[in-house]
Engineer: 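Take this structure first; my questions come after.
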Number of protein chains: 4
Amino acid sequence: MVKEVGFIGLGTMGGPMANNLLAAGHSLTVRDLDDDAVTAAVASGASRADSSRGAAAAADVVICMLPSSPHVVAAAYGDDGFISGLRPGATVIDMSTIDPDTTRRVAEDVQAAGGRMLYAPVSGSSAGAIDGTLTIMVGGEAGVFESHLDLFNVLGANVIHCGPVGMGETVKLANQLSAGVSMVGVAEGFAFGLSKGVDPKVLFEVMSKSSGNCWALETRCPVPGVLADSPASNGFAAGFMTDLMHKDLGLAMTAASNDKLPLHMAALARERYAAASRAGYGHMDFSAVAKLLEE
Amino acid sequence: MVKEVGFIGLGTMGGPMANNLLAAGHSLTVRDLDDDAVTAAVASGASRADSSRGAAAAADVVICMLPSSPHVVAAAYGDDGFISGLRPGATVIDMSTIDPDTTRRVAEDVQAAGGRMLYAPVSGSSAGAIDGTLTIMVGGEAGVFESHLDLFNVLGANVIHCGPVGMGETVKLANQLSAGVSMVGVAEGFAFGLSKGVDPKVLFEVMSKSSGNCWALETRCPVPGVLADSPASNGFAAGFMTDLMHKDLGLAMTAASNDKLPLHMAALARERYAAASRAGYGHMDFSAVAKLLEE
Amino acid sequence: MVKEVGFIGLGTMGGPMANNLLAAGHSLTVRDLDDDAVTAAVASGASRADSSRGAAAAADVVICMLPSSPHVVAAAYGDDGFISGLRPGATVIDMSTIDPDTTRRVAEDVQAAGGRMLYAPVSGSSAGAIDGTLTIMVGGEAGVFESHLDLFNVLGANVIHCGPVGMGETVKLANQLSAGVSMVGVAEGFAFGLSKGVDPKVLFEVMSKSSGNCWALETRCPVPGVLADSPASNGFAAGFMTDLMHKDLGLAMTAASNDKLPLHMAALARERYAAASRAGYGHMDFSAVAKLLEE
Amino acid sequence: MVKEVGFIGLGTMGGPMANNLLAAGHSLTVRDLDDDAVTAAVASGASRADSSRGAAAAADVVICMLPSSPHVVAAAYGDDGFISGLRPGATVIDMSTIDPDTTRRVAEDVQAAGGRMLYAPVSGSSAGAIDGTLTIMVGGEAGVFESHLDLFNVLGANVIHCGPVGMGETVKLANQLSAGVSMVGVAEGFAFGLSKGVDPKVLFEVMSKSSGNCWALETRCPVPGVLADSPASNGFAAGFMTDLMHKDLGLAMTAASNDKLPLHMAALARERYAAASRAGYGHMDFSAVAKLLEE
């Protein structure tokens with residue numbers, strides 16, 4: 001069934017996601033501060049909205065894909081915000097990765113305005129957004145989740161209902177904790193091997209079949225030349241940026257510290273990404289954290 | 001071709017490895033301080049030696065699989081040591097994970113006694129020793145490696161020549177760095193998710209398909225009941241012991257510190273395993289490090 | 001010169017501070033949510049206010065000493081807030097330790113209401129509040145600072161003008177970084193010595209005269225019985241609570257992460273205090289972090 | 001009473017220590033691999049020995065002040081070693097900071113040769129060696145300690161009997177744990193303050209009177225220009241070298257890991273010093289660890 005979708009945020013993730021929804025036959029009204037991004041989407045068949053309110057007013061489903069909490073707040077509130085434009089019974093699907101306090105506040109205000117809310121953060125890089133192979137972690141009422149499964153299946157290959165509002169983001173951050181930590185572990189393993197004269201291709205061959213294997217190794221072996229299509233072999237072009245990993249680990253640490261849950265390794269990993277950012281690698285792929293260990 | 005093998009060390013790893021060699025038709029003379037272990041191997045067709053020297057004297061290939069450097073030194077040296085019993089041109093294959101200084105010393109003394117030396121540490125747990133699916137990382141001369149490939153292929157599924165003597169152990173330790181770090185990352189990810197009320201099976205489903213995936217997750221998800229055959233679901237029975245992970249990370253840290261190579265995350269991971277050991281989990285599987293984060 | 005002071009927050013710090021101002025002859029109108037605290041101050045000569053607005057309306061100087069940012073926001077804003085009650089040209093002195101965003105917001109709104117603002121966080125525990133020996137780190141205009149030096153000198157023994165608004169808190173957090181890290185270092189030093197059988201009094205004697213000496217050691221040696229008046233010798237009664245150190249390090253980490261400044265040790269120290277809190281030591285003195293290392 | 005002392009090791013520490021003993025009237029026979037150092041001591045009144053054995057043969061007390069365990073082993077053993085030259089009943093005082101295994105071995109062999117053994121590691125830098133203000137931590141029999149107190153009092157201002165052989169070194173390493181950790185804490189505090197625009201002299205003024213104070217701050221404030229005579233104000237000239245702090249923390253970590261005692265902060269601090277060494281600061285004062293945080 002064709003749906004009327006208001007799509008807010010056409011960046012490196014949102015842009016290709018909107019394209020996939022258009023290609024699947026849905027009707028999109030799009031909004032972004034960058035006019036070029038809007039023009040490109042319109043060329044693919046979308047309608048242009050001049051405000052978030054306008055995107056919402058034309059739609060039964062409002063999808064947000066924005067970089068951080070302040071962007072979501074700016075898009076949601078005020079005279080031009082999507083809340084003020086919501087159709088009765090419309091669903092807001094926020095796919096941004098934002099902090100839990102903002103999550104709660106926006107969900108309450110959407111519901112107070114007569115709307116329904118899903119949070120659906122994603123895992124995967126821009127390649128996954130283009131290919132429609134994202135992992136999507138959805139929090140919200142089961143019935144609302146199911147009635148939008150057709151949209152999610154266009155955008156992602158793994159779509160999982162994680163529980164009520166908030167659980168999608170929790171699962172996302174738990175995954176980032178593991179990813180962020182294991183990437184530094186891989187980097188240290190390679191730095192150690194190389195410092196002793198091991199051939200990195202031999203090391204990759206062994207580790208990828210052994211207990212040291214992980215997604216970070218298989219997709220992001222941080223030594224140039226080992227994997228042809230890894231960021232390391234392509235100037236550490238992101239992929240998933242160091243600064244975003246730093247941000248996500250920060251969201252997780254803040255949420256954990258509210259419960260006094262000690263996450264020693266994640267706390268330290270976050271500082272390694274801070275160091276990488278300060279060394280100039282913030283906009284590179286997060287595997288560039290390995291460059292800190294080069295001679 | 002049937003080979004005459006002296007096999008020293010019949011523990012949880014060495015015992016099943018010796019059995020596999022016997023089953024493949026090789027002739028074994030075995031030695032262990034634990035007489036029950038020797039008796040069991042003899043029941044499977046091995047000959048008994050009363051000393052390491054005796055095991056060597058009956059063989060063209062001497063395989064050691066011992067827990068730590070002092071055990072290897074004790075087996076190698078003295079009137080009852082295997083060096084004093086070496087046949088001319090025999091090959092010693094040490095599959096223990098030991099420190100580089102001992103490695104170098106034993107290799108030199110074996111060569112001075114007319115023997116040839118391979119170091120071939122393994123990755124994988126007792127299940128891999130039983131199934132013959134270990135990863136084996138071999139350091140030594142290429143020709144010597146190739147002439148013993150038949151034995152290695154009985155013991156492991158991934159047999160890799162890593163370079164000269166010492167490179168096998170370096171690769172092994174590099175792999176352990178990644179494995180030891182990523183296990184704690186997985187543990188922190190699950191502790192975070194559970195603290196916020198996520199269903200651990202949902203979390204596993206997402207992480208195993210996302211950027212947080214790793215061997216540690218797939219084989220050792222540290223929450224009981226998620227994976228039927230994980231250590232966590234079986235009282236954290238090892239598998240690969242916490243104390244051995246602590247030991248291996250210590251070997252890596254010592255080797256790295258000689259070059260002043262900073263390995264922040266590995267250093268911290270090692271302390272987490274120390275804490276786990278002190279909490280009473282030293283003989284449990286190393287995924288028991290997650291128990292430190294339970295309420 | 002006697003000043004008319006509105007004093008908001010009569011807890012373990014604010015209560016004795018208000019008493020000292022009364023004893024120095026100043027006129028106080030006090031406000032706290034805890035009526036017993038207000039009654040005690042009134043018994044010492046203060047006037048009672050029923051709201052923060054009321055405390056401000058009766059005063060030329062409003063002093064706040066509250067536990068955290070939300071408390072300050074609640075006291076500042078709304079019909080009963082102190083901003084709405086400010087006399088023209090009155091000075092607000094916030095001595096709470098709060099986050100920089102709230103700092104900026106309150107300062108702007110006080111100035112918009114015609115007031116002047118100083119931030120003056122303190123270092124020192126309740127004993128320092130009682131004795132009037134706090135270190136007070138003041139940020140704000142130099143002229144405003146100087147005209148309130150008489151009040152500060154009643155409350156503290158070291159009163160330092162650190163620069164414009166915000167610099168007082170920065171200096172406070174920089175100091176907490178050092179204090180929070182060194183306390184864990186002392187704890188690890190003692191855990192190490194005790195594990196090897198050293199007499200803790202001998203260890204204290206040496207360290208207090210050597211390079212390992214620090215305020216944390218001299219005032220908070222974490223082994224019971226070494227110093228008669230340390231928290232450790234008194235059931236770890238605070239002093240300065242573990243949870244407050246955890247909070248302060250969190251404020252510092254958040255402020256540092258905005259600049260991507262990596263603070264490896266502080267990040268880890270914070271997790272140690274989280275672990276201490278979770279182990280039940282959150283309301284004990286922060287030297288109780290040493291209890292994590294007991295057998 | 002004048003003593004006949006064999007003094008082995010005339011480096012930045014040992015050289016001035018030997019001078020102080022000469023100035024106090026003792027009779028010294030000295031040995032060093034660096035002939036210039038020997039010549040300088042002879043010019044001050046010492047006799048020259050051509051081997052460690054020679055230095056021992058001429059003395060009732062043999063003092064060693066060498067950089068690391070291998071140097072001590074080289075000086076102790078073999079035909080030219082001091083053990084072979086020991087007079088009956090002579091006392092060996094090793095003031096080097098070395099590993100516990102070597103400690104034990106040398107002590108046993110000295111005693112087997114009819115000698116008595118004290119371990120007496122020191123705290124303090126070359127300035128303390130020159131001024132005779134070292135802290136000296138002595139392990140060994142109380143009677144032997146007391147009969148050499150006259151020598152110790154020439155060399156140090158704080159001389160403490162810490163218990164049997166081994167306790168002196170344990171106390172030394174416990175002190176280094178605290179010193180090594182607190183130095184990085186001070187560095188992070190200053191990096192934070194400076195990143196926010198605080199005047200470093202103001203920050204020093206506050207911290208030195210507050211809970212963040214420590215020996216590392218008072219003697220080694222890591223920002224150039226704050227303290228005139230700090231290493232930071234003098235090109236980070238050591239003082240106590242980064243590489244030696246890295247070594248000492250390594251000795252402590254190895255000793256702690258034998259007991260599975262987790263020392264999270266010390267482990268991480270050690271990696272910070274490794275990073276500092278790799279960045280080229282290994283021969284600078286250990287306060288140069290702060291340079292890692294410069295922009």
Side-chain angles (χ1 to χ4, degrees), chain C residues 123-124 135 137 157-158 160-163 166-167 170-182 184-186 188-193 195-199 202-203 205-207 209-217 219 240 252 255-256 259 261-266 268-269 271-272 293, chain D residues 123-124 135 137 157-158 160-163 166-167 170-182 184-186 188-193 195-199 202-203 205-207 209-217 219 240 252 255-256 259 261-266 268-269 271-272 293:
Chain C
S123 171
T135 295
M137 294 148 278
N158 299 298
I160 300 125
H161 184 229
C162 297
M167 290 300 105
T170 301
V171 167
K172 163 78 184 278
L173 293 180
N175 178 71
Q176 296 296 79
L177 286 173
S178 180
V181 166
S182 65
V184 190
V186 168
E188 292 190 359
F190 272 81
F192 177 75
S195 76
K196 300 296 183 187
V198 171
D199 179 337
V202 167
L203 185 51
E205 187 188 350
V206 174
M207 279 175 67
K209 292 171 184 158
S210 304
S211 56
N213 191 32
C214 52
W215 181 94
L217 177 72
T219 72
F240 186 73
D259 299 331
L261 178 72
L263 300 178
H264 297 76
M265 296 286 282
L268 183 56
E271 301 312 297
R272 298 308 289 155
L293 287 163
Chain D
S123 171
T135 294
M137 295 148 278
N158 299 296
I160 300 126
H161 184 230
C162 297
M167 290 298 106
T170 301
V171 167
K172 162 78 185 277
L173 292 180
N175 179 70
Q176 296 296 79
L177 287 173
S178 179
V181 166
S182 64
V184 190
V186 167
E188 292 190 358
F190 271 81
F192 176 76
S195 77
K196 300 294 183 188
V198 171
D199 178 337
V202 167
L203 185 50
E205 187 188 351
V206 175
M207 280 176 66
K209 293 171 183 158
S210 305
S211 55
N213 191 32
C214 53
W215 181 93
L217 177 72
T219 71
F240 186 73
D259 299 331
L261 179 71
L263 299 178
H264 296 76
M265 295 285 283
L268 183 57
E271 300 313 298
R272 299 307 290 156
L293 288 162

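Chain identifiers are assigned alphabetically (A, B, ...) following the order of the sequence lines, protein sequences preceding nucleic acid strands; residue numbering begins at 1 within each chain.
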Engineer: Between Gly180(D), Gly185(D), Ala157(D), which has the largest tally of heavy atom pairs under 4.5 Å with chain C?
Structural biologist: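 The residue among Gly180(D), Gly185(D), Ala157(D) with the greatest pair count is Gly185(D).
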
Engineer: Heavy-atom pairs under 4.5 Å with chain D: which of Pro262(C), Gly166(C), Ser178(C), Ser211(C) has the most?
Structural biologist: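 Winner by heavy-atom pair count: Ser211(C).
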
Engineer: Could you tell me which portion of Ala255(D) (side chain, backbone, both or neither) has an atom closer than 4.5 angstrom to a non-hydrogen atom of chain C?
Structural biologist: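 Both the backbone and the side chain of Ala255(D) come within 4.5 Å of chain C.
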
Engineer: Which bit of Leu263(D) comes within less than 4.5 Å of chain C, counting heavy atoms only: side chain, backbone, both or neither?
Structural biologist: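 When you check distances to chain C, atoms from both the backbone and side chain of Leu263(D) fall under 4.5 Å.
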
Engineer: Within a strict 4.5 Å, meaning less than it, do heavy atoms of the Val206(C) and Ser123(D) side chains meet?
Structural biologist: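 Answer no - side chains too far apart.
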
Engineer: With chain D, which of Lys172(C), Gln176(C), His264(C), Lys209(C) has the greatest number of heavy-atom pairs at distances under 4.5 Å?
Structural biologist: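 Result: the option with the highest number of such pairs is His264(C).
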
Engineer: Decide yes or no for Cys214(D) and Asn213(C): does some side-chain heavy atom of the first lie under 4.5 Å from some side-chain heavy atom of the second?
Structural biologist: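 Heavy-atom side-chain distance check fails, nothing below 4.5 Å.
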
Engineer: With a 3.5 Å cut-off and no angle check, do the side chains of Ser210(C) and Asn158(D) form a donor-acceptor pair?
Structural biologist: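 Side-chain D/A pair, Ser210(C) to Asn158(D): absent.
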
Engineer: Among Thr219(D), Asp199(D), Leu203(D), Leu217(D), which residue forms the greatest number of heavy-atom pairs with chain C at distances under 4.5 Å?
Structural biologist: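 When all of Thr219(D), Asp199(D), Leu203(D), Leu217(D) are compared, Leu203(D) has the most.
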
Engineer: May I ask you to test the Asp259(C)-Lys196(D) pair for a side-chain heavy-atom distance under 4.5 Å?
Structural biologist: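 A side-chain contact exists here, since the closest heavy-atom pair is under 4.5 Å.
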
Engineer: What residue, out of Ala269(D), Gly163(D), Ala216(D), Gly197(D), has the most heavy-atom pairs lying under 4.5 Å from chain C?
Structural biologist: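 Answer, by heavy-atom pair count under 4.5 Å with chain C: Ala269(D).
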
Engineer: Quick one: what part of Thr170(D) sits under 4.5 Å from any heavy atom of chain C, side chain, backbone, both or neither?
Structural biologist: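 For Thr170(D), backbone and side chain are both near chain C.
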
Engineer: Side chain from CB out, backbone as N, CA, C, O: work out which of these in Met207(D) comes under 4.5 Å of a heavy atom of chain C, or both, or neither.
Structural biologist: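 When you check distances to chain C, atoms from both the backbone and side chain of Met207(D) fall under 4.5 Å.
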
Engineer: Looking at Val181(C), Asn175(C), Leu177(C), which one has more heavy-atom pairs under 4.5 Å with chain D than the rest?
Structural biologist: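 Top count of heavy-atom pairs under 4.5 Å with chain D: Asn175(C).
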
Engineer: With a 4.5 angstrom heavy-atom cut-off, which part of Thr135(C) approaches chain D: side chain, backbone, both or neither?
Structural biologist: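 Side chain only.
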
Engineer: Measure distances from Met265(C) to the heavy atoms of chain D and classify the residue's part below 4.5 Å as side chain, backbone, both or neither.
Structural biologist: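 It is both, since atoms from each part get that close.
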
Engineer: Under a 4.5 Å heavy-atom cutoff, which of Arg272(D), Glu205(D), His161(D), Met137(D) has the most pairs with chain C?
Structural biologist: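 Answer, by heavy-atom pair count under 4.5 Å with chain C: Arg272(D).
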
Engineer: Tell me whether Glu188(C) contacts the main-chain N or O of Ala266(D) through its side chain, where contact means a donor paired with an acceptor under 3.5 Å.
Structural biologist: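 Between the backbone of Ala266(D) and the side chain of Glu188(C) there is a qualifying donor-acceptor contact (under 3.5 Å).
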
Engineer: Let me know if Glu271(D) has heavy atoms under 4.5 Å from chain C in its side chain, its backbone, both or neither.
Structural biologist: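 Contact with chain C is absent: no heavy atom of Glu271(D) under 4.5 Å.
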
